[in-house]
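A quick write-up on the structure given underneath.
Source: prediction; values computed, not measured.
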Amino acid sequence: MTLAHSNARQREHIHHASCAQMVHGDGGACEHVAFRPVTPDDADELAALDMHTWFPQDLYSYAQTRHYAARLDVLHYLRSSTYGEVATLRGTILGVVLGAVEGKRPIVPAAAGWYRQAHANAPMVPEGITVRRNLDKEIRTDLALERDVRKDVPAELQLFIVSAAARGKGVGGQLYSRFLAHLRECDEKRYFLYTDSDCDYGFYEAHGLTRVAQGTGDDYTGSGRTLDKFIYVGKLS
């Protein structure tokens with residue numbers, strides 16, 4: 001969630017995107033879910049997916065604030081992502097996985113500038129300074145927890161979201177498997193990820209990852225809650 005190639009190469013990747021079937025919950029006909037690399041044009045839709053997942057309507061007083069918080073969150077990850085894949089149905093993004101491997105080029109080089117601009121625009125958004133402060137604090141907390149792990153494990157799963165409509169239908173599992181396949185292509189043996197008690201971290205335990213670090217911190221969404229924070233490491237066979 002590489003796009004460092006030319007636009008023509010990006011279009012070629014998208015044209016040859018692989019597909020899978022997603023079964024309707026009512027047992028109706030299957031529809032094809034396509035998987036393709038993330039492109040710069042996906043940033044806004046990824047922010048919308050992030051917003052609906054992490055920034056509910058009752059969190060901030062203004063919809064503009066929620067949009068800003070989610071965009072800043074997504075761009076934080078996207079600026080350093082060297083891998084990204086989305087699952088789509090009829091052109092709509094159902095899920096995304098972003099990852100980073102040390103030494104690889106970012107897939108969306110422009111995202112670093114977009115992040116800096118969004119960060120600077122906080123005073124122009126209602127509650128924007130509060131949002132920025134919360135996210136900055138979260139980033140510092142995460143980096144402190146990850147510091148020792150990063151020395152030995154150069155690959156990271158950065159962001160993994162599946163829309164509510166697609167959960168339980170195999171979309172997340174396929175995105176995850178495709179990320180692991182990419183790591184194998186890069187000859188990586190281990191990877192790590194950050195998660196917290198607000199997430200379904202049991203998914204990672206079920207897939208054999210080991211918790212190697214734990215801490216506490218405030219919920220970066222600004223809800224005022226304290227969360228347990230975890231670092232998990234996975235091994236590739």
R140 and D136, any side-chain heavy atoms less than 4.5 Å apart: yes
Heavy-atom closest contact (A155 atom, L183 atom, distance): CB-CD2, 3.9 Å
Within-4.5 Å side-chain heavy-atom neighbours: H76 and Q158: no
Gap separating the OG atom of S80 from the CG atom of L75, nearest 0.5 angstrom: 11.0 Å
Common cluster, L143/Y77, ILVMFWY with side-chain heavy-atom separation under 4.5 Å: yes
R150 with E156: basic N within carboxylate O range, under 4.0 Å: yes
Cationic N near anionic O, under 4.0 Å, K151 to D148: yes
Any side-chain heavy-atom pair of Y60 and F55 under 4.5 Å: yes
Nearest-0.5 Å distance, CG of residue L180 to CD of residue E185: 11.5 Å
Spacing of L236 atom CG and K189 atom NZ [to the nearest 0.5 Å]: 8.0 Å
Sub-4.5 Å side-chain heavy-atom contact between R36 and E85: no
Minimum heavy-atom distance between V162 and A166, given as atom pair plus value: CG1-CB, 3.8 Å
Joint cluster assignment, I139 & V131, ILVMFWY side-chain distance < 4.5 Å: yes
Gap separating the NE2 atom of H52 from the CD atom of Q57, nearest 0.5 angstrom: 8.5 Å
Approximate separation, where rounding is to 0.5 Å, of I93 CD1 and T88 OG1: 7.5 Å
Shortest non-hydrogen separation from V171 to A87 and the atoms involved: CG1-CB, 3.6 Å
Test item: V233 and V149 side chains (from C-beta on) under 4.5 Å apart, heavy atoms: yes
Those residues that, when tested against D142, pass salt bridge (Lys or Arg N to Asp or Glu O under 4.0 Å) (two or more places apart): none
Side-chain heavy-atom pair F35, R178 within 4.5 angstrom cut-off: yes
Evaluation steps, side-chain contact (heavy atoms from CB on, under 4.5 Å), between V86 and E45: CA-CA 11 Å; V86 292; E45 194 170 354; over 6 Å; no
Which donor-acceptor pairs under 3.5 Å do side chains of residues 204-213 form with protein atoms, sequence neighbours excluded?
residue: E205; atom: OE2; partner: R211; partner atom: NH2; Å: 3.3
residue: E205; atom: OE2; partner: Y232; partner atom: OH; Å: 2.6
residue: H207; atom: ND1; partner: F203; partner atom: O; Å: 2.8
residue: R211; atom: NE; partner: Y232; partner atom: OH; Å: 3.1
residue: R211; atom: NH1; partner: Q214; partner atom: OE1; Å: 3.1
residue: R211; atom: NH2; partner: Y232; partner atom: OH; Å: 3.0

Sidechain-backbone polar pair: N134 side chain, T130 backbone, donor-acceptor under 3.5 Å: yes
Contact check, side chains of F160 and L175, non-hydrogen atoms, under 4.5 Å: yes
Contacts of type salt bridge (Lys or Arg N to Asp or Glu O under 4.0 Å), residue D152, not counting sequence neighbours: none
CZ/R116: more than 12 non-hydrogen atoms of other groups inside 6.0 Å: no
Under 3.5 Å donor-acceptor, Y68 side chain and A118 backbone: yes
W54 side chain near I161 side chain, heavy-atom distance below 4.5 Å: yes
Nearest-0.5 Å distance, CZ of residue R66 to CD of residue E127: 12.0 Å
Side-chain ion pair, K104 and E188, N-O less than 4.0 Å: no
Check: F179 ring centre within less than 6.0 Å of Y83 ring centre: yes
Main-chain N/O of G234 paired to R190 side chain as donor or acceptor, under 3.5 Å: no
